[in-house]
Amino acid sequence: MSFPLLTATAVVPAVGAIATAALPAAKRTAAKWLALLFSLITFALALVVAFRFDPGAGAPFQLTESHAWIRDFGVRYELGVDGIAVALIALTTLLIPFIILAGWHDADPLEEATPNRRWRPTQGFFALILAVEAMVVLSFEATDVFLFYIFFEAMLIPMYFLIGGFGDRAGRDGEEEAAGRRSYAAVKFLLYNLAGGLIMLAAVIGLYAVTADQLGTGTFSLQQIVEARTADTLNIGTGTERLLFLGFFFAFAVKAPLWPLHTWLPGAMGESTSPVAVLITAVVDKVGTFAMLRFCLQLFPEASSWATPVILVLALISIVYGALLAVAQRDIKRLIAYASISHFGFIILGIFAMTSQGQGGATLYMVNHGISTAALMLVAGFLISRRGSRLIADYGGVQKVAPVLAGTFLIGGLATLSLPGLAPFVSEFLVLVGTFTRYPVIGIIATLGIVLAALYVLVLYQRTMTGPVKAEVTNMPDLRVRELVVVAPLIALLLFLGVYPKPLTDLVNPAVRHTLSVVDKKDPKPTVQVNAVPGEGRHGHAAKDQDVEAAK
């Protein structure tokens with residue numbers, strides 16, 4: 001029996017969470033180092049998964065594990081990864097050590113323990129981060145629909161406590177008012193995602209009932225269902241398939257988040273610490289867009305095509321609406337939150353463009369958005385912790401007193417607006433090209449998001465980093481060694497993947513082609529019109545036919 005590598009990649013952070021939480025209250029520093037150690041071990045396992053994965057092998061899933069779990073209901077412990085899952089597991093396990101380092105002091109006890117300002121359990125903070133990592137990794141690995149659903153929902157519990165119990169201390173109001181805002185944001189996050197999860201649960205049960213009726217034995221296995229549909233031994237009625245699709249898609253659209261189901265995100269990111277905000281948008285939310293590719297498109301191909309026009313319009317609204325609200329923000333963290341809503345619109349646009357360029361770009365966008373948002377949000381968190389304010393108006397002239405901080409902030413911002421030469425540009429370009437080839441009008445309108453991104457990023461940098469030095473930032477220290485260790489690798493990745501994205505494209509393209517084959521979609525052929533002039537060069541209709549063939 002081979003070593004269960006995928007299981008180990010999820011079990012290690014889960015064990016780390018238990019071990020960190022079990023440390024005595026006085027061992028706060030030990031808890032930090034222990035959590036960091038387990039996160040690094042998990043990243044090492046993810047690298048092994050990436051090196052053992054063969055994109056050219058042809059099988060839809062590799063490194064598979066399959067064991068009976070709940071036999072009476074057809075639930076199995078089935079794991080497997082394709083190129084898309086490998087890329088997102090690598091992203092998740094890469095970011096978690098940086099999140100831990102960036103939040104090194106975020107859960108330290110407050111100087112005064114009063115009834116309204118309680119000490120914060122350091123062990124719990126880092127244990128919850130590792131617990132989220134374990135559940136996200138298992139969500140990317142699960143090929144049993146019910147197993148996926150369990151971890152898709154379970155990750156809400158640690159996230160709820162991270163948002164509500166360990167919120168941002170840089171508020172304008174007192175601790176009591178800040179605690180109220182955190183509680184509101186955490187409850188809203190939980191209710192929105194639980195509502196989506198409950199609707200998905202009904203669809204999961206409906207899918208099981210359909211397979212039990214037609215196959216004789218109910219199953220939740222993604223591979224088995226896709227193979228049965230391909231062989232025409234499983235025929236889901238059109239109306240039933242569309243209802244099941246809507247149940248799955250609604251839950252994923254809440255998690256993604258897609259307009260108009262996005263309203264929980266700005267509050268959750270704004271009231272969280274910056275590392276937890278990165279955990280939300282760069283890690284947890286990626287499960288929603290990933291699941292659209294893995295489950296919505298592959299389980300319900302006809303319904304996916306049927307819903308595509310409406311979803312594209314919603315994605316387009318997310319792009320423009322999120323960018324416009326980002327322009328209007330006065331709060332740094334909420335600006336980044338609305339920018340993320342716009343970026344998720346691009347990702348969903350690429351997925352449902354149903355082209356290889358669009359879906360390949362969407363997958364790259366998930367990875368590149370995770371890196372760029374992490375870089376920008378973490379540097380913003382370092383800035384906010386120094387000044388004690390999230391308001392843009394409270395800053396000015398920072399680049400004169402903290403040039404390294406300002407420089408890294410600028411690179412993170414330029415990556416957010418998809419500047420050529422940085423990683424997000426490649427993915428955004430592919431999404432737009434893939435969309436334009438099938439839906440030219442939507443592709444053209446979507447470019448407005450690029451213009452607005454340049455506006456909100458450059459205005460943010462201008463108002464915070466340039467101009468006269470405000471008295472409150474005169475003595476602001478530059479980035480420290482720990483903070484540079486967090487930011488420098490992310491910026492290096494943005495530069496590397498911006499000029500050489502081939503390792504990622506080679507990894508994800510076979511999985512994208514497999515998904516398109518399941519949905520029975522092919523890239524549209526370009527229309528070429530060649531006008532031949534009689535009497536010049538090759539002549540007549542034969543010349544035109546030869547030119548057209550050459551163009552093809």
Side-chain angles (χ1 to χ4, degrees), residues 95 99 102-103 159-160 162-164 166-168 170-172 178 181-182 184-190 192-193 253-289 315 317-348 365-366 368-385 389-392 409 412-413 415-418 424 449 452-453 455-457 459-461 463-464:
L95 291 180
I99 288 172
M159 284 306 310
Y160 169 79
L162 283 170
I163 297 169
F166 300 92
D168 193 357
R172 291 171 292 171
R181 293 196 308 271
R182 290 196 300 269
Y184 176 80
V187 170
K188 189 173 183 179
F189 160 82
L190 187 64
Y192 266 67
N193 284 274
V254 172
K255 184 86 77 177
L258 178 68
W259 184 92
L261 305 172
H262 67 286
T263 57
W264 62 267
L265 182 66
M269 289 184 65
E271 301 306 325
S272 300
T273 64
S274 293
V276 172
V278 171
L279 189 65
I280 294 171
T281 190
V283 176
V284 172
D285 287 355
K286 297 299 186 299
V287 178
T289 48
I317 294 173
S318 290
I319 292 170
V320 178
Y321 174 83
L324 285 172
L325 287 185
V327 171
Q329 291 305 304
R330 297 182 297 170
D331 182 307
I332 296 174
K333 293 171 70 174
R334 291 179 72 90
L335 184 152
I336 299 173
Y338 280 109
S340 291
I341 292 171
S342 180
H343 295 150
F344 274 103
F346 276 108
I347 294 171
I348 297 171
Y365 215 133
M366 292 186 223
N368 294 333
H369 170 264
I371 299 171
S372 63
T373 299
L376 181 60
M377 179 61 85
L378 292 179
V379 177
F382 299 149
L383 176 70
I384 292 168
S385 66
S389 173
R390 305 199 307 255
L391 295 180
I392 297 173
F409 189 81
T416 298
L417 63 83
S418 300
L452 293 173
L455 180 61
Y456 62 69
V457 168
V459 169
L460 172 65
Y461 183 82
R463 293 179 178 176
T464 56

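- Judged by distance alone, the side chain of W259 and the main-chain N or O of G322 form no donor-acceptor pair under 3.5 Å.
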Original post:
Could you go step by step and tell me if T263 and Y192 meet the side chain to side chain donor-acceptor pair (under 3.5 Å) rule?
Top reply: CA-CA 9 Å; T263 57; Y192 266 67; 2.7 Å; yes
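- Formation of a donor-acceptor pair under 3.5 Å by the K255 side chain with backbone atoms of K286 is not found in this model.
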**OP:** Start with the C-alpha distance between L376 and V457, add both sets of side-chain angles, then the distance that settles side-chain contact (heavy atoms from CB on, under 4.5 Å), and finish with yes or no.
**Re:** CA-CA 10 Å; L376 181 60; V457 168; 5.6 Å; no
Subject >> I163 vs I280, side-chain contact (heavy atoms from CB on, under 4.5 Å): CA-CA, chis, key distance, verdict >> reply: CA-CA 9 Å; I163 297 169; I280 294 171; 3.9 Å; yes
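- The structure places OG1 of T273 at 7.5 Å from CG of L162, a figure rounded to the nearest 0.5 Å.
- With rounding to the nearest 0.5 angstrom, the CZ atom of R334 is 7.5 Å from the CD atom of E271.
- Taking all atoms of both residues into account, the shortest heavy-atom contact from A415 to P424 is O-CG, 3.2 Å.
- At a threshold of 4.5 Å between non-hydrogen side-chain atoms, the residues M269 and K333 do not count as touching.
- Here the OG-CG distance, from S389 to D331, works out to 8.0 Å after rounding to the nearest 0.5 Å.
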Subject >> Test side-chain contact (heavy atoms from CB on, under 4.5 Å) applied to D285 and F344, step by step >> reply: CA-CA 9 Å; D285 287 355; F344 274 103; 3.4 Å; yes
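- Rounding to the nearest 0.5 angstrom, the gap separating the CG atom in L378 from the CG atom in L383 is 12.5 Å.
- Partners of Y160 by side-chain hydrogen bond (donor to acceptor under 3.5 Å, both in side chains), not counting sequence neighbours: none found.
- In this structure, the side chains of I341 and P266 come closer than 4.5 Å at one or more pairs of heavy atoms.
- Atom-to-atom distance recorded for Y456:OH and L417:CG is 7.5 Å, nearest 0.5 angstrom.
- Aromatic pair H262/Y321: centroids less than 6.0 angstrom apart.
- Residue G449 comes nearest to F346 through the heavy atom pair CA-CZ, 4.3 Å, listed as atom of the first residue, atom of the second, then distance.
- The two residues L265 and A337 come nearest to each other via the heavy atoms CD2-O, 3.9 Å.
- Atom-to-atom distance recorded for F409:CZ and M377:CE is 10.0 Å, nearest 0.5 angstrom.
- Partners of Y365 according to the side-chain hydrogen bond (donor to acceptor under 3.5 Å, both in side chains) rule, which considers only residues two or more places apart in sequence or in another chain, are E428.
- Of all heavy-atom pairs between A380 and I332, the closest is CB-CG2, 3.9 Å.
- At least one side-chain heavy atom of M159 sits less than 4.5 Å from a side-chain heavy atom of L279.
- A donor-acceptor pair under 3.5 Å is formed between the side chain of S340 and the backbone N or O of I336.
- Between L452 and A323, the shortest heavy-atom contact is CB-CB, 3.5 Å.
- When every heavy atom of A282 is checked against every heavy atom of L95, the shortest pair comes out as CB-CD1, 3.7 Å.
- Formation of a donor-acceptor pair under 3.5 Å by the R390 side chain with backbone atoms of G270 is found in this model.
- T373 is linked by a side-chain hydrogen bond (donor to acceptor under 3.5 Å, both in side chains) to H369, counting only residues two or more places apart in sequence or in another chain.
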